[in-house]
There are 2 protein chains.
Amino acid sequence: MPSTRPGRDREEKRTELVDAARRLFVQDGYDATSMAALAREARVAANTVYWYVGDKDDVLIAVLDALLAEGLADYASIADRPLREQLRWTVERLRGMRRLVATVHARIGRSAALDAWHDAFHASTEGILRAALEGAVDPGAIDAEVRIAVFAVEGLLTHELAEQERRAVCDQLAARWVAPEDRPGRPPG
Amino acid sequence: MPSTRPGRDREEKRTELVDAARRLFVQDGYDATSMAALAREARVAANTVYWYVGDKDDVLIAVLDALLAEGLADYASIADRPLREQLRWTVERLRGMRRLVATVHARIGRSAALDAWHDAFHASTEGILRAALEGAVDPGAIDAEVRIAVFAVEGLLTHELAEQERRAVCDQLAARWVAPEDRPGRPPG
DNA sequence: ACCTGAACACCGTTCAAGT
DNA sequence: ACCTGAACACCGTTCAAGT
């Protein structure tokens, strides 16, 4: 007897589609991945994707959800490390999906569903960062400080910098997050 | 007798095309502007654009060049104002072309010509900012500081924030650019 | 319910043909 | 040299038709 509750197979098939899309989106980018290529990767007819997921923006959102869930789960393992290291880790961790960062921003205003995802993403990640920064920066400046950090991370993803330069940006950002009395003194000379 | 030197008319026509493209790109965005729509705006056949400009990425680059030249010219008029005001001015000034910022980042790696433009843009604008920051920040941190500022400006353009929030980010950024002895004391309480 | 072949309305670009 | 109509190879999406 089938132990699968109704909808189980459908869910599985949908996951396969999204996994295929994730592979191609991360590898080749959203624009460079046609629905035909996605269907080929998943071994279905081109229009079958629409039966399981919806249009191309819905596929993108499903992929982003999967990447975000995985990223947040991974983040838990380093959430107790110093802020400077957390920042470095986040940038390197997100580098694999840097094309998608630019894609999301380019598609804002063209897909209401993606707009909503983007808003929720920022609310979620900025909430985490804000909590982490509490006590480390002036309370009145915390919102602006959070935004600067998020924008810097996004910038590090959408621009090709050397690893050393990425680290320098992270360190410079984090330099103002320690309490003044803990700051290293200026090097003499 | 024609006082136009050879190539003059061609240049004019090309400028008309680029002006039409600029109008549509700024208004509707790059992706939403088809070559057919651009040709219609300029009152030529769809394929005539290729005779004067090149492919769609070349049109984009021509538009970006025009916008950048105008922006730099406008900047000269406020270049002597305090850094905090320069930053605010830059963000508000660039807001009109915010869709194009995301477009450039999304198309990086897909057009070699656009890659080159993007590199030159950053070299130019970061050079200006670096010169302005000289003496206002620790010399060893100036590169990272410049990048943080540029990324923050780009972030303010690709995200919908209220004007008050945009100002808060600019002010928070600029807060570390004044020499420590000039910084306002913490508000009492 | 699930999947598809065929079609639709586009898209950027090319090219032979005109002037 | 300049401009075009027509075509090309795509694209995302829809839909009637199958099982």
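Every chain is numbered from 1 and lettered A, B, ... according to where its sequence line falls, protein lines coming before strand lines.
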### Query
Looking at residues at least two apart in the chain, or sitting in another chain, which of them share a side chain to side chain donor-acceptor pair (under 3.5 Å) with D143(B)?
R130(B)

### Query
How would nucleotides 6-19 of chain C be written as a contact map, 5' to 3', with B for base contact, S for sugar-phosphate-only contact and - for no contact, using protein heavy atoms under 4.0 Å?
B----SSBBB----

### Task
Name all pairs fulfilling the ring pair (Phe, Tyr, Trp, His ring centres under 6.0 Å) condition that reach into residues 126-146 of chain A, sequence neighbours left out, sorted by first residue then second.
none

Throw together a table of side-chain donor-acceptor distances under 3.5 angstrom for residues 25-33 of chain A, partners on residues two or more places apart or in other chains.
unit_1, atom_1, unit_2, atom_2, d
T33(A), OG1, L24(A), O, 3.4
T33(A), OG1, G29(A), O, 2.7

### Task
Classify the angle between the aromatic ring planes of H122(A) and H118(A) as parallel (below 30°), tilted (30 to 60°) or perpendicular (above 60°).
perpendicular

### Task
Please state how far atom CG in D9(A) lies from atom P in dA1(C), giving the value in whole angstrom units.
15 Å

### Query
How close or far is atom P of dC2(D) from atom CD of E11(B), stated in whole angstroms?
12 Å

### Query
Under 30°, 30 to 60°, or over 60°: which ring-plane class applies to Y75(A) and W89(A), parallel, tilted or perpendicular?
tilted

### Task
Fill in the dot-bracket string of DNA chain C, one character per base: . for unpaired, | for a pair to another strand, ( ) or [ ] for pairs within the strand, taking Watson-Crick or G-U pairs under 3.5 Å.
||.|||||...|||||.||

### Task
Salt-bridge test for R95(B) and E160(B): reply yes if a basic N is under 4.0 Å from a carboxylate O, no otherwise.
yes

### Task
Tell me, please, which residues at least two apart from E11(B) pass salt bridge (charged side-chain N to carboxylate O under 4.0 Å, His left out).
none

### Query
Which atom pair, heavy atoms only, marks the closest approach of H105(A) to H159(B)?
NE2-NE2, 3.1 Å

### Task
Take atom CZ of R10(B) and atom C1' of dA1(D), then tell me their distance rounded to the nearest Å.
8 Å

